[in-house]
Amino acid sequence: MVMNKKEQKSLVMTPGMLLHQPKPNMKPMIVDNVVNVEMRELAFVDAPLSSVLETVEAVYNVKFEVKNEAVLKKSIDTNFSNDTIDNIVTTLARTMDVSIREKAPGIYIIE
């Protein structure tokens, strides 16, 4: 169980959930679909792209900027197992029929 004492909220963590705090001064967030964080095993079934990107950002410590917000609602079925971020970006671009380019190290633009 995770407890937020400031907001008096709690959450029971279940398998596949990961608590992620990008920076010490940022609010922690929960991401789903993590089979094994050490092996970077991720599994998505009918998941919106927004959820996929949140999870990949948390596990791979990267950032995605989306130019067309409508694409975030598209669903995807895919698995990643210790893939490089380059392979993940290529898979997402092909599967979602979008263009993804690296703006700077660790920052990707989805158009």
Side-chain angles (χ1 to χ4, degrees):
M1 179 185 295
V2 177
M3 179 74 165
N4 181 331
K5 291 183 181 181
K6 267 187 183 175
E7 297 178 14
Q8 294 297 306
K9 294 181 182 177
S10 64
L11 172 73
V12 175
M13 300 284 289
T14 59
M17 296 176 105
L18 173 70
L19 181 64
H20 175 65
Q21 186 173 10
K23 296 181 181 175
N25 61 341
M26 293 180 73
K27 185 176 179 177
M29 62 186 214
I30 306 288
V31 293
D32 294 320
N33 306 299
V34 179
V35 177
N36 181 329
V37 71
E38 289 84 19
M39 294 299 298
R40 293 182 172 178
E41 289 183 48
L42 312 175
F44 303 95
V45 177
D46 198 29
L49 182 60
S50 59
S51 176
V52 174
L53 296 179
E54 284 177 1
T55 301
V56 172
E57 285 179 341
V59 173
Y60 284 82
N61 196 30
V62 296
K63 179 74 178 141
F64 290 97
E65 296 176 7
V66 180
K67 297 296 182 182
N68 179 0
E69 299 284 322
V71 75
L72 293 174
K73 295 178 184 172
K74 289 184 176 181
S75 294
I76 186 172
D77 294 326
T78 192
N79 295 313
F80 300 113
S81 183
N82 209 24
D83 285 291
T84 65
I85 191 62
D86 290 337
N87 286 346
I88 291 173
V89 166
T90 300
T91 299
L92 292 176
R94 287 182 183 158
T95 305
M96 304 305 292
D97 194 27
V98 295
S99 170
I100 304 177
R101 63 181 171 83
E102 190 171 16
K103 175 180 175 181
I107 301 173
Y108 296 88
I109 306 294
I110 300 176
E111 300 178 296

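Both backbone and side-chain heavy atoms feed into the values below; hydrogens, waters and symmetry mates do not. Residue indices begin at 1 and follow the sequence shown.
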Using the side-chain contact (heavy atoms from CB on, under 4.5 Å) rule, pick out the option among Val89, Ile88, Val56 that qualifies with Asp83.
->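 It is Ile88; the other options fail the test.
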
If you look only at pairs with a residue in residues 68-104, which of them pass as a ring-ring contact (aromatic ring centres under 6.0 Å, His included), with sequence neighbours excluded?
->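 Listed by first then second residue: nothing to list.
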
Qualifying residues under side-chain contact (heavy atoms from CB on, under 4.5 Å), relative to [X], sequence neighbours excluded:
| X | answer |
| --- | --- |
| Asp77 | Val45, Asp46 |
| Asn82 | Met39, Arg40 |
| Thr84 | Asp86, Asn87 |

Does any non-hydrogen side-chain atom of [Y] lie less than 4.5 Å from one of [X]?
| X | Y | result |
| --- | --- | --- |
| Thr78 | Leu42 | no |
| Lys73 | Pro48 | no |
| Val66 | Leu53 | yes |

Residues two or more places apart in sequence or in another chain: which of them pass salt bridge (charged side-chain N to carboxylate O under 4.0 Å, His left out) with Lys74?
->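 Scan of Lys74 (salt bridge (charged side-chain N to carboxylate O under 4.0 Å, His left out), adjacent residues dropped) gives none.
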
How would you list, by chain and number, every residue that makes a ring pair (Phe, Tyr, Trp, His ring centres under 6.0 Å) with Tyr60, sequence neighbours excluded?
->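 Tyr60: no ring pair (Phe, Tyr, Trp, His ring centres under 6.0 Å) contacts found.
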
Do any side-chain atoms of residues 92-111 form donor-acceptor pairs under 3.5 angstrom with protein atoms, and if so which ones, sequence neighbours left out?
| residue | atom | partner | partner atom | Å |
| --- | --- | --- | --- | --- |
| Thr95 | OG1 | Thr91 | O | 2.7 |
| Glu102 | OE2 | Gly106 | N | 3.3 |
| Lys103 | NZ | Glu65 | OE1 | 3.4 |

